[in-house]
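In listed order, ligands and their atoms are each counted from 1. Residues: numbered from 1 along the sequence shown. Everything numeric in this text was worked out from a predicted model, so none of it was measured.
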Amino acid sequence: MSMSMKEKILSQLINANGEPISGQKLANELNISRTMIWKHLKSIEEDGYVIEAIKKKGYILQSIPDIVSQERITSYLETKSIGRNIAYYPVCESTQTIASEKASEQAPHGTVIITEQQTAGRGRLERPWDSSANKGIWMSVIIRPEISPQFAAQFTLVSAVAITLAIEDLTDCSPAIKWPNDLLINGKKVTGILTELQADMDRVQAIIIGIGVNVNQDLEAFDESIQSIATSLKMESGQEVNRAELVAKILFYLEKYADMYVENGFEPIKLLWESYNCTIGKRIRANMLRETVEGVAMGITNDGVLELKLDNGEIRGIYSADIHLMNK
Ligand code: BTX
């Protein structure tokens, strides 16, 4: 793809390595007027770049914004197909909604929809998902594995493993996986996963994996209603995290384990999942759509179903539920 004029100006500023570069020089080299240069610089600043103008010398790029644009993610990306097609939105209602539309319009395997801010981010059962501007990872990944629809829910567990490994690689944090779709640090939620399915009776058309990771928020960035249950990587580690790099790392592990799942089934991933989980062995309450049951979580099956031992000794397979970890 050829670079736009704005990208050419930006790349000149980046390549100047902190030395001033004059408006006249830019205008001459790019063969446009100084007024046009000035307009493009304004637009670059609107994207979050900080440009300093020094009298008689020119412009210096002072800082690059921490954005999750396609260019920045691609610069870290090591995958074959996942993330090779990225649609970036500075703001949108929900990446999950856009991804569903794109999936029905034949978007290829591995397409990623990502945004800085969601105005209507959602969790399971249409619950709201707090998605503050420029501080988290809010993305949806479209994958098209050749599997039957009954196995689609497993990709929630595959994704939980992938995100956990990526967070461990790039931070001091070590999340615990709470079945089925939460990652916790010190008991607080740092990540939510929402897996949705488009399928025929016997074949998956697309699985849309919605991933929300709280990265650089401070406590005040969260809605008051969730301040006692939510946390971010920055709050836990004291350090800001490069979101674009973390996105690329998540996509790397997602590709690795999604491929492994399709080739070898769930067993190898189950071992990893078990080593990070904080559900098995605990007494839990499982809230399902029609009933609530309590018991001890015994393990997950090779299909990813949670086995719960009720107080009367009966073993129940739980396919989907909200889990409350009890103290005793
Ligand atoms: P969930 O239904 O398991 O969790 C939703 C619950 O989590 C909320 O009811 C609230 O209590 C709490 N919560 C809301 N926002 C946050 C937050 N930022 N951090 C911690 N806790 C929170 C989890 O659903 C699945 C979330 C998926 C979000 C991604 S973001 C990209 C994609 N687009 C979209 O609209 N959703 C997905």
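Inter-residue side-chain proximity for Ile137 and Thr191 is flagged as unmet; no heavy-atom pair is nearer than 4.5 Å. Residues Gln12 and Leu30 have side chains in contact (heavy-atom distance under 4.5 Å, counting atoms from C-beta outward). Inter-residue side-chain proximity for Leu272 and Tyr257 is flagged as met; some heavy-atom pair is nearer than 4.5 Å. Looking only at side-chain heavy atoms (C-beta outward), Glu307 and Thr301 come within less than 4.5 Å of each other.
For atom 8 (C) of ligand 1, the nearest non-hydrogen atom of the protein is Pro128 O, 3.6 Å. Protein heavy atom nearest atom 15 (N) of ligand 1, with residue, atom name and distance: Asp130 N, 2.9 Å. Nearest protein neighbour of atom 23 (C) of ligand 1, counting heavy atoms only, is Asn181 ND2, 3.7 Å. For atom 9 (O) of ligand 1, the closest non-hydrogen atom of the protein is Arg127 CD, 3.5 Å. Atom 31 (C) of ligand 1 has Thr95 OG1, 3.3 Å as its closest protein atom, hydrogens excluded (heavy atom only). Here the heavy atom of the protein found nearest to atom 6 (C) of ligand 1 is Lys189 NZ, 3.7 Å. Considering only non-hydrogen protein atoms, atom 19 (N) of ligand 1 sits nearest to Asn214 ND2, 2.9 Å. Looking only at heavy atoms of the protein, atom 22 (C) of ligand 1 is closest to Trp129 CZ3, 3.4 Å.
Atom CG of residue Leu308 and atom OG1 of residue Thr279 lie 11.0 Å apart, to the nearest 0.5 angstrom.
Atoms of ligand 1 found under 4.0 Å from any heavy atom of Ser94 (numbered from 1 in listed order, with element): 33 (N), 34 (C), 35 (O). Close approach of ligand 1 to Gly212 is summarised as follows: ligand atoms under 4.0 Å from at least one heavy atom of the residue are 29 (C), 30 (S). Of all the atoms in ligand 1, the ones that sit under 4.0 Å from a non-hydrogen atom of Gly121 are 35 (O). Using a 4.0 Å cut-off to heavy atoms of Ala230, the atoms of ligand 1 that qualify are 19 (N), 20 (C). Here is the list of ligand 1 atoms found below 4.0 Å of a heavy atom in Arg124: 1 (P), 2 (O), 3 (O), 24 (O). Proximity to Ile193 (heavy-atom distance under 4.0 Å) selects the following atoms of ligand 1: 25 (C). Heavy-atom contacts of Ser140 reach the following atoms of ligand 1: 32 (C) (cutoff under 4.0 Å).
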* Run the numbers on Lys102 and Glu105 for salt bridge (Lys or Arg N to Asp or Glu O under 4.0 Å), then give the verdict. => CA-CA 5 Å; Lys102 288 199 189 275; Glu105 291 158 7; 5.8 Å; no
* Quick one: do Tyr49 and Gln62 satisfy side chain to side chain donor-acceptor pair (under 3.5 Å)? Show the steps, please. => CA-CA 8 Å; Tyr49 293 84; Gln62 292 291 5; over 6 Å; no
* Given side chain to side chain donor-acceptor pair (under 3.5 Å), test Gln96 with Glu196 step by step and report yes or no. => CA-CA 9 Å; Gln96 201 71 1; Glu196 294 177 319; 3.1 Å; yes
* Asked: Is there a ring-ring contact (aromatic ring centres under 6.0 Å, His included) between Tyr261 and Phe155 once you walk through the steps?
  -> CA-CA 9 Å; Tyr261 177 84; Phe155 279 87; 5.1 Å; yes
* side-chain contact (heavy atoms from CB on, under 4.5 Å) between Val247 and Tyr76: does it pass, once the steps are laid out? -> CA-CA 9 Å; Val247 168; Tyr76 295 106; over 6 Å; no
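With a 4.0 Å cut-off on non-hydrogen atoms, Ser225 does not touch ligand 1 at all. With a 4.0 Å heavy-atom cut-off, ligand 1 is reached by the backbone of Met139 but not by any atom from C-beta on. Proximity of Ile229 to ligand 1, defined as any heavy-atom pair under 4.0 Å, is confined to the side chain (atoms from C-beta onward). Residue contacts with ligand 1 for Ile226 involve side-chain atoms from C-beta outward but no N, CA, C or O (heavy atoms, distance under 4.0 Å).
At most 12 heavy atoms of other shown residues, nucleotides or ligands fall within 6.0 angstrom of atom CG in Asp172.
By heavy-atom distance, the residue among Arg122, Glu126, Glu93, Gln227 lying nearest atom 27 (C) of ligand 1 is Arg122.
Counted by atom type alone, Gln150 and Ser148 present one or more donor-acceptor pairs between their side chains at under 3.5 Å. Counting only N and O atoms by type, the side chains of Tyr89 and Gln117 include no donor and acceptor under 3.5 Å apart.
Under a 4.0 Å heavy-atom criterion, Ala99 is not in contact with ligand 1.
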